[in-house]
Peer 1: 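One structure, pasted below without further comment.
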Amino acid sequence: MRLFDLFLLAAGGLASASTLTPNTVPLIVRNPYLSTWLYHARDAPWENWPMFWTGAHVGFSVMASASGKVYPLLGRPQDSLSTKRHKIAYPEYLGVTFDASTTNLSYSIPAAGGESSVLVTLSFLSPITPSSTMRQAIPAGYMTVFVAGCDDLDLYTDVNGEWVTGNRDNTLRWEMFESPPREEKGTKNGTKTEIKTWKVRREREELLTEFGDRAEWGTLHFSAPGGENGVRYQSGTSALLRGLFAERGELRDEVDGEFRRVMEDEPVFAFSKGFKLADGGKGKEKCEKREESVRFTWALVQDPVVQFASARGLTMMRPLWQSFFTDADELVGWHFGDFETAAKLAGEYSNALARDAYESGSREYQDIAALSARQVLGATQFSGTPEDPILFLKEISSNGNFQTVDVIFPAFPFFLYTNPRWLAYLLEPLLEHQLSGQYPNDYSMHDLGAHFPNATGHPDGRDEYMPVEECGNMLIMGLALANALRYDTDPAFVRPKGAEGMRTAPGAKRWWESVDEYGIDLPRGEAKLGSTPKAAEKWLSRSYKLWKQWTGYLVRESLIPHNQLCTDDFAGWLANQTNLALKGIIGIKAMSEIADIVGEKEDAKFYRETAGEYIEKWQEYGISRDGTHAKLAYTWYGSWTTIYNLYADSLLCFHVSDKNKSSVTGGRKSGKQPRMESQIPLGQQAYGSKKDGNVFIPDKVYQMQSDWYHAVLQKYGLPLDSRHLYTKSDWEFFAAAVTGRKTRTEILTSVARWVNETETDRPFTDLYDTEGNGGFPGIWFMARPVVGGHFAFLALERACGGKAVEALKFLDKREPGEVDVELVLMRDLSTGEQYDDEGWEDL
């Protein structure tokens, strides 16, 4: 493969199309502990150290040496150099580009004489591979350095102990491991992989503990190519090694044997590589540029990954990759050689996402979706076996809860779009734990444990109190997943085009019912979690006891929710929440469909009728008397709220009218190819306005909110409600997905403006002020997986065979209505005081 072709693989092809300028971008992001980001990404990369998702410093630097000068490329290695002894210069920074899996940092370094330059690109790949859960489960990422030019150039990179501990007082141990030349499993034509690997860990590891959200157990494997054309290596004090490279252009293949603390004569673990490019110009009048590259990998190997209170008791959970590889050395070696296949699979996903997002919204939406993808998966850990995978999730930054239901819920559009089976793997531990009787309450639990990585449950039932929220979330996600299982709605990128050039996967033959020999997931019709109505019925039936139990709670409590929290718990407790009640009612409606699928017709009839009765009352209680907007709470006159839970009504096909319920087939775009006979609500007609074709929630509610959002939109987005000017980006996209085209475009444009201008300096925050500088509103949310909600447009377009979006076309028939917000709210307040809930005996 030509180097340029390899570059296109690593760069994802479309990464150069980035139009937004976020303040933070991912570098190596695979799970909650292998999570390294470019800090202040609008600045030159040598002005700041890379960071962990918390904002804490990560020791990671890259330098180049050319024509007697040393050029910092990433991090601040120049701080270790002497301006008297070393000639420090700075390259021309060409900027950052990214797609869903790749981030590229590009530079131009002047050649000797200044007549030409050497182009250097650091290309970071954390591959998202929906077609290969095995590859997605590998806790590792790549950096490929591409150079092109006519002048020799030397490269240096190092890492420190901050990759394996958050406490600088901890003592480290390290070693250099040089794998012998051997034919790796999965390679063709006797290809041999030889690599050099730094293994770094704490001297005394503490299993399943954190310090500053960093794992205090596990070994970092930092690898580079070995052999004749491989790298040089050295460990030692940071300043000494960086100075040595600045003077010599290479390292000495030495290991510092004095183990010590993280910042005690700061030990770093370095590689250097020389590129001989000048030969391309010898004896010629004009330079013929030469191209070369070198690859580095990072893997953070942990065993166990979490502990989980499963049905069999508290269990130390092994990583999923152990089902395929005998040990960490085999994993690291195979992963190093799998670059081309991983890049190809990731590229297929990135390209499809870019096309779909562009067609769904704009170039800006394309970038927002791409920027969000690695962040979602960066909160997860794969465990279990290929037959029964489990996906664990950390509630990053907000409080560290384990498998938080109302964090999975805003993220679930990403999983519906990317790989619905991964959503099943997320829900599985919650269902297993509660089916085993370890949770005492009759409503859904909030989370599996107070802090990741310990899913020890809540046997006392005293988890965070969000009963209506979590019951509604589980029922909505359960039906959404069942719909995905009933109909083959996998997008094209989970079915790769042939196996040409792919590496076979070690251990894959042992799991022939789940993956093929290349580690590619079998089509869902062939796999254990199949793609048939029977598979959906079986999956739902196993947990029917829970679905029914949770719905019973909603029947009692959702129409008029008592004082409690919703997912937006930072806003405080509140009774009679309009948006929360809507979620519970849609949850009851979802249960009517679940009951139909499993053949419980009497249950289905009861829940359908109950949901129909409740939604009529909800409109009376929750909508202002003049019909212009939804109130924050039933009795809070002069207030308003974003009813982002309306999204579930469309996603679950409840807004597909009777006349459109037949011939629900096919989908548009290469990335959306559902093959369905009819994805429609089952059983009796749905309740709602007869004028709207028996949809569950009438058109007028959608139109009302679309007009209202247009009226209350601020500089950087749509505020969450009338109490504050802050917003949640996940809910903005839920809400925008079910508005008219103009309102939707306005919301998307305002969020894109915020991405470009915000002063927030952490991974994509979902909570920010819509005015001022778009900063944190006193609460610092960052790197949270809830940005999977940014995929709301894409998930909705695949729902109901495309009919869900078609059913909202009426919103585009006119311009948004103009609303005098201040006047409307004042009238609502005075009217409410006058009538004081007259006739509302239920309240």
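It should be emphasised that the depicted structure is a prediction, and the values quoted were computed from it without experimental measurement. Keep in mind that the numbers below use all heavy atoms, side chains included, and drop hydrogens, waters and symmetry copies. Residue numbers count from 1 along this sequence.
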Peer 1: Looking at every heavy atom in both Asp338 and Arg135, which two are closest together, and how far apart are they?
Peer 2: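 The pair with the smallest heavy-atom distance is OD2-NE, 2.8 Å.
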Peer 1: Suppose we screen for side chain to side chain donor-acceptor pair (under 3.5 Å). Which residues come up paired with Glu464, at least two apart in sequence or across chains?
Peer 2: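 Scan of Glu464 (side chain to side chain donor-acceptor pair (under 3.5 Å), adjacent residues dropped) gives His446.
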Peer 1: Hey, would you say the Phe402 and Phe392 ring centroids sit under 6.0 Å apart?
Peer 2: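 That pair passes the under 6.0 Å test.
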Peer 1: Using a 3.5 Å distance criterion without hydrogens, assess whether the side chain of Ser383 forms a donor-acceptor pair with backbone atoms of Arg318.
Peer 2: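 At least one qualifying donor-acceptor pair exists.
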Peer 1: Please walk me through it: do Phe124 and Met143 pass side chain to side chain contact (heavy atoms under 4.5 Å, CB included)?
Peer 2: CA-CA 4 Å; Phe124 295 88; Met143 178 180 75; 3.4 Å; yes
Peer 1: Rounded to the nearest 0.5 Å, what separation is found between the CG atom of Leu565 and the CG atom of Asp406?
Peer 2: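 Those atoms lie 9.5 Å apart.
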Peer 1: Say you draw a straight line from CD of Glu757 to CG of Asn773; how long is it, rounded to the nearest 0.5 Å?
Peer 2: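 The CG atom of Asn773 is 10.5 Å from CD of Glu757, to the nearest 0.5 Å.
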Peer 1: If you measure from CZ on Phe452 to OG1 on Thr380, what distance do you get to the nearest 0.5 Å?
Peer 2: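 So the gap between those two atoms works out to 8.5 Å.
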Peer 1: Determine whether the aromatic ring centres of Trp754 and Phe764 lie less than 6.0 Å apart.
Peer 2: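 Ring centres of Phe764 and Trp754 closer than 6.0 Å.
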Peer 1: Report the C-alpha distance between Asp265 and Arg261 in whole Å, list the side-chain angles of each, state the deciding distance to 0.1 Å, and finish with yes or no for salt bridge (Lys or Arg N to Asp or Glu O under 4.0 Å).
Peer 2: CA-CA 8 Å; Asp265 293 329; Arg261 295 190 300 274; over 6 Å; no
Peer 1: Please report the closest heavy-atom contact between His86 and Ala246, naming both atoms and the distance.
Peer 2: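 Scanning both residues, the minimum pair turns out to be CD2-CB, 3.7 Å.
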Peer 1: Provide the full list of side-chain hydrogen bond (donor to acceptor under 3.5 Å, both in side chains) pairs with a residue in residues 300-309, sequence neighbours left out, each pair given once.
Peer 2: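 side-chain hydrogen bond (donor to acceptor under 3.5 Å, both in side chains) check on residues 300-309 returns Gln302-Gln381, Asp303-Gln322, Gln307-Asn454.
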Peer 1: Between the side chains of His790 and Ser729, is a donor N or O closer than 3.5 angstrom to an acceptor N or O?
Peer 2: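 Short answer, yes.
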Peer 1: Apply salt bridge (Lys or Arg N to Asp or Glu O under 4.0 Å) to residues Arg42 and Asp761 and explain how you reach the verdict.
Peer 2: CA-CA 10 Å; Arg42 298 181 194 131; Asp761 56 0; over 6 Å; no
Peer 1: Decide if the gap between the ring center of Phe339 and the ring center of Tyr142 is smaller than 6.0 angstrom.
Peer 2: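 Phe339 vs Tyr142: aromatic centres under 6.0 Å.
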Peer 1: Can you tell if the side chain of Val262 reaches within under 4.5 Å of the side chain of Asp169, non-hydrogen atoms only?
Peer 2: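 No, their side chains stay 4.5 Å or more apart.
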Peer 1: Is the centre of the Phe222 ring less than 6.0 Å from the centre of the Trp198 ring?
Peer 2: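 Centroid distance Phe222-Trp198: not below 6.0 Å, so no.
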Peer 1: With a 4.5 Å heavy-atom cut-off, do Leu94 and Tyr107 have their side chains touching?
Peer 2: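 The answer is no; the side chains never approach within 4.5 Å.
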Peer 1: Taking the six-membered ring for Trp, are Trp37 and Phe60 ring centroids under 6.0 Å apart?
Peer 2: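 No, the ring of Trp37 stays outside the 6.0 Å limit from the ring of Phe60, centre to centre.
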Peer 1: Let me confirm one number: the NE2-CG distance from His433 to Asp447, rounded to the nearest 0.5 Å.
Peer 2: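 Going from the NE2 atom of His433 to the CG atom of Asp447 covers 9.5 Å.
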Peer 1: How long is the gap from CH2 on Trp217 to CG on Leu207, to the nearest 0.5 Å?
Peer 2: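 Going from CH2 on Trp217 over to CG on Leu207, the span is 7.5 Å.
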Peer 1: Has Arg242 got its NZ or CZ under 6.0 Å from the middle of the six-membered ring of Tyr156, at an angle within 45 degrees of the ring axis?
Peer 2: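 No, a cation-pi geometry is absent between Arg242 and Tyr156.
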Peer 1: So, for Phe52 and Pro32, which heavy atoms are closest and what is the spacing to 0.1 Å?
Peer 2: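 Minimum heavy-atom separation between Phe52 and Pro32: CZ-O, 3.4 Å.
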Peer 1: Hey, could you give me the OG1/CD1 distance between Thr102 and Ile128, rounded to the nearest 0.5 Å?
Peer 2: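 The OG1 atom of Thr102 sits 9.5 Å away from the CD1 atom of Ile128.
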Peer 1: Could you tell me if the ring centre of Phe776 sits under 6.0 Å from that of Tyr726?
Peer 2: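 So the answer is no for these two rings.
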Peer 1: Given 3.5 Å as the limit, does a donor-acceptor pair link the side chain of Asn401 with the main chain of Thr404, or not?
Peer 2: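 No, Asn401 side chain to Thr404 backbone: no donor-acceptor pair under 3.5 Å.
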Peer 1: Measure across Met782 and Thr54 and return the closest heavy-atom pair with its distance rounded to 0.1 Å.
Peer 2: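 Smallest interatomic distance, heavy atoms only, reads SD-O, 3.8 Å.
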Peer 1: Given the ring of Tyr233, does Lys196 sit roughly above its face, with NZ or CZ under 6.0 Å from the centre of the six-membered ring and within 45° of the axis?
Peer 2: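 Not flagged: Lys196 not positioned over aromatic ring of Tyr233.
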Peer 1: Taking the six-membered ring for Trp and the single ring otherwise, decide whether the centroids of Tyr90 and Trp46 are under 6.0 Å apart.
Peer 2: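 For Tyr90 and Trp46, the ring centres are under 6.0 Å apart.
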Peer 1: Would you verify whether the NZ or CZ of Arg214 falls within 45 degrees of the ring axis of Phe211 while also being under 6.0 Å from that six-membered ring's centre?
Peer 2: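 The answer is no; the distance or angle limit is not met.
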Peer 1: Would you confirm whether the ring centroid of Trp780 sits within less than 6.0 angstrom of the ring centroid of Tyr768?
Peer 2: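 So the answer is no for these two rings.
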Peer 1: For the pair Arg232 (side chain) and Leu251 (backbone), establish whether a donor and an acceptor sit closer than 3.5 Å, ignoring hydrogens and angles.
Peer 2: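 Such a contact is found between Arg232 side chain and Leu251 backbone.
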Peer 1: If I compare all heavy atoms of Thr129 with all of Ala346, which pair ends up nearest, and what's the gap?
Peer 2: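 Reported closest heavy-atom pair: CG2-N, 4.2 Å.
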Peer 1: Does the structure place the NZ or CZ of Arg295 under 6.0 Å from the centre of the six-membered ring of Phe336, at an angle of no more than 45° from the ring's axis?
Peer 2: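 Because its charged atom sits under 6.0 Å from the ring centre and within 45° of the axis, Arg295 does stack over Phe336.
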Peer 1: Decide yes or no on salt bridge (Lys or Arg N to Asp or Glu O under 4.0 Å) for Lys394 and Glu210, but give the supporting numbers first.
Peer 2: CA-CA 13 Å; Lys394 177 176 181 177; Glu210 294 181 346; 2.9 Å; yes
Peer 1: Mind listing the closest non-hydrogen atom pair of Leu172 and Pro267 along with its distance?
Peer 2: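 So the minimum-distance heavy-atom pair works out to CD1-CG, 4.2 Å.
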Peer 1: Kindly say whether the aromatic ring centers of Trp174 and Phe259 come within a distance under 6.0 Å.
Peer 2: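 Here the rings of Phe259 and Trp174 have centres that are less than 6.0 Å from each other.
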Peer 1: Please check this pair: side chain of Arg30 against backbone of Ile138, looking for a donor-acceptor N/O pair closer than 3.5 Å.
Peer 2: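 Checking the backbone N and O of Ile138 against the side chain of Arg30, a donor-acceptor pair under 3.5 Å is found.
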Peer 1: With no hydrogens and no angle check, is any side-chain donor or acceptor of Gln78 less than 3.5 Å from a backbone partner on Thr83?
Peer 2: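 Looks like no, no N/O pair under 3.5 Å.
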Peer 1: One pair to check against salt bridge (Lys or Arg N to Asp or Glu O under 4.0 Å): Glu264 and Arg168. What are the steps and the verdict?
Peer 2: CA-CA 9 Å; Glu264 180 185 358; Arg168 291 180 170 187; over 6 Å; no
